[in-house]
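Worksheet for the structure shown next.
Below, read A as the first sequence line, B as the second, and so on, with proteins coming before strands; counting in each chain starts at 1.
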2 protein chains.
Amino acid sequence: MWLNYIVNTYSFMKEHEKNTEQKILDAAEDVFMIKGMSGARMQEIADKAGINKALLHYYYRTKDKLFEKVFEKAFKIFIPKTLGMMSSDKPVIEKIEFFVNNYISLLYKHPFIPSFVLSELNRNPQILVNIFEKNIQFTENDILENFDKQIKTEVEAGILKPVDARNLMVNIIGMCIFPIIGRPVIQGVLFENNKAKYNEFLKQRKEFVKEFIINSIKA
Amino acid sequence: MWLNYIVNTYSFMKEHEKNTEQKILDAAEDVFMIKGMSGARMQEIADKAGINKALLHYYYRTKDKLFEKVFEKAFKIFIPKTLGMMSSDKPVIEKIEFFVNNYISLLYKHPFIPSFVLSELNRNPQILVNIFEKNIQFTENDILENFDKQIKTEVEAGILKPVDARNLMVNIIGMCIFPIIGRPVIQGVLFENNKAKYNEFLKQRKEFVKEFIINSIKA
DNA sequence: ATTTGATTTAACCAATTGGTCAAATTTACG
DNA sequence: CGTAAATTTGACCAATTGGTTAAATCAAAT
């Protein structure tokens with residue numbers, strides 16, 4: 001359709017109106033996210049995109065290249081946003097409240113990404129190195145260093161108990177991410193496989209986690 | 001070798017002394033754990049076990065049956081032990097200290113199981129239902145209910161702040177498990193991909209996590 | 001209308017994969 | 001020993017998989 005180049009500019013367009021490249025990427029995301037790299041089939045991606053398998057290879061030459069695109073997109077949704085949530089000049093407690101709110105919302109919006117990214121990364125940690133090489137200057141170390149100093153300042157000001165920044169970060173992310181990654185186990189073992197109960201559980205997590213952290217580190 | 005049935009009884013035996021069935025199971029564990037169900041190759045398992053591929057199918061008829069055995073073993077190492085650590089009549093704080101110590105040790109001993117189990121479970125949650133059907137009466141609900149009551153008692157006794165048992169469990173497990181599941185990201189982003197620094201980090205986690213939890217829930 | 005370049009398709013291919021089978025070898029046992 | 005059962009092997013197969021190719025279609029500029 002010759003109108004494509006106009007229509008494609010807008011996000012309210014429906015499936016058949018998108019250009020092929022985007023349709024492929026969306027389909028690939030769906031399939032890779034659930035089946036993983038080795039479980040995904042090029043034919044299934046083609047079917048879901050409503051195109052021919054040869055066309056898939058016309059746009060993204062190999063499975064690996066397509067996978068790389070999908071993985072990198074998923075990875076970039078999380079890591080930079082995660083670190084971004086930590087960089088502001090709010091006091092630590094407020095920063096943590098902000099972080100937990102936004103991070104859990106992000107997880108709720110993309111529930112399949114964490115399991116996908118972490119399991120593929122466990123299977124092939126080399127992917128990370130490639131991403132690092134491509135995106136030369138990640139400022140994550142500055143952010144961490146900054147957070148560390150801020151904590152120390154507030155400890156001396158008598159606002160916080162002494163606490164290691166890295167350990168704290170791992171605690172926070174672990175508490176947020178585990179209910180998502182471990183959904184099948186949690187829903188099965190803790191909630192008798194009741195989907196509604198699990199969702200209800202998720203809804204009250206934000207408040208519980210925030211209170212739990214603050215109780216622990218407030219002086 | 002006709003001595004096999006004697007030799008195999010003991011655990012100090014070397015690879016070539018084990019019986020074929022066990023050699024296969026060990027090899028399958030190695031391969032499935034790292035490559036996952038769809039990434040694993042029967043040929044690789046056979047090679048690693050030092051046997052013929054046909055022999056693999058002689059002992060475990062299909063890939064699915066072999067996978068099921070490996071998965072169930074991995075799953076059973078964690079879930080029952082995890083719940084077991086919660087069932088004692090120690091006071092809550094002591095119970096949590098005991099749990100964190102033992103759970104992190106367990107994770108340290110089997111670092112590939114959590115990622116393997118959770119990612120396969122995310123890809124096919126049905127597996128859980130099958131396991132539940134096989135092992136009819138899991139007593140996890142009693143244990144949870146018990147833990148909940150115990151907390152309420154200690155809250156009324158002024159020992160603990162009010163805290164929901166399920167949320168607390170998810171927090172504890174999340175904090176313990178995330179450093180293992182997220183190893184590539186943590187090592188890469190937090191520790192400049194330095195293996196030694198990551199290991200050092202793991203070593204001090206027990207103390208940090210215990211203190212973090214207790215600080216949070218102690219009245 | 002013709003040409004040019006980008007897009008799309010159907011048919012095909014070589015390699016891999018899970019799985020089988022009949023024959024050979026080894027083990028257990030009378 | 002001899003023989004029956006269990007174990008092990010090499011050769012093989014059908015299906016699947018990622019990927020290719022040449023031809024067809026389409027959009028747009030001359």
Do [X] and [Y] pair up side chain to side chain, a donor and an acceptor below 3.5 Å, judged on atom types alone?
X	Y	result
B:K81	B:N102	no
B:N130	B:E72	no
A:Q150	A:N146	no
B:N124	B:E120	no
B:S119	A:R123	yes

Between [atom2] on [N] and [atom1] on [X], what's the gap in Å once rounded to a whole number?
X	N	atom1	atom2	result
B:L66	C:dG18	CG	C1'	12 Å
A:R61	D:dT20	CZ	C1'	12 Å
B:Q43	D:dA11	CD	P	13 Å
A:F67	D:dG18	CZ	P	13 Å
A:D64	D:dG18	CG	C1'	10 Å
A:M37	D:dG18	CE	P	8 Å
A:M42	D:dT17	CE	P	12 Å
A:K35	D:dT16	NZ	P	14 Å

(message) Using modelled atom types and a 3.5 Å cut-off, is there a donor and acceptor pairing between side-chain atoms of A:E29 and backbone atoms of A:A74?
(response)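 Flag not set: sc A:E29 to bb A:A74 has no pair under 3.5 Å.
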(request) Would you please name every residue forming a ring-ring contact (aromatic ring centres under 6.0 Å, His included) with B:F32, sequence neighbours left out? (result)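 Once residues adjacent in sequence are excluded, the partners of B:F32 under the ring-ring contact (aromatic ring centres under 6.0 Å, His included) criterion are B:F67.
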(request) Report the secondary structure of DNA chain C in dot-bracket form, marking unpaired bases with a dot and bases paired to a different strand with |, and treating Watson-Crick or G-U pairs with both distances under 3.5 Å as paired. (result) ||||||||||||||||||||||||||||||
(message) Measuring to OP1 and OP2 of C:dG18, would you say a side-chain N or O of B:R41 lies under 4.0 angstrom away?
(response)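 For B:R41, the contact criterion (side-chain N or O under 4.0 Å from OP1 or OP2 of C:dG18) is met.
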(message) I need a per-nucleotide contact map over nucleotides 7-12 of chain C, read 5' to 3'. Cutoff is protein heavy atoms under 4.0 Å; write B for the base, S for backbone only, - otherwise.
(response) BBBB--
(message) For A:K69, I'd like to know if atom NZ has over 12 heavy atoms of other residues, nucleotides or ligands within 6.0 Å.
(response)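 For A:K69, atom NZ is not crowded (no more than 12 foreign heavy atoms under 6.0 Å).
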(request) Check whether more than 12 heavy atoms from other residues, nucleotides or ligands sit under 6.0 Å from atom CZ of B:F112, and answer yes or no. (result)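 At most 12 heavy atoms, drawn from other residues, nucleotides or ligands, come within 6.0 Å of this atom.
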(message) Just to be sure I understand the rule, does A:A46 reach a base, reach only the sugar-phosphate, or reach nothing, if contact means heavy atoms closer than 4.0 Å?
(response)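 Contact class for A:A46: none.
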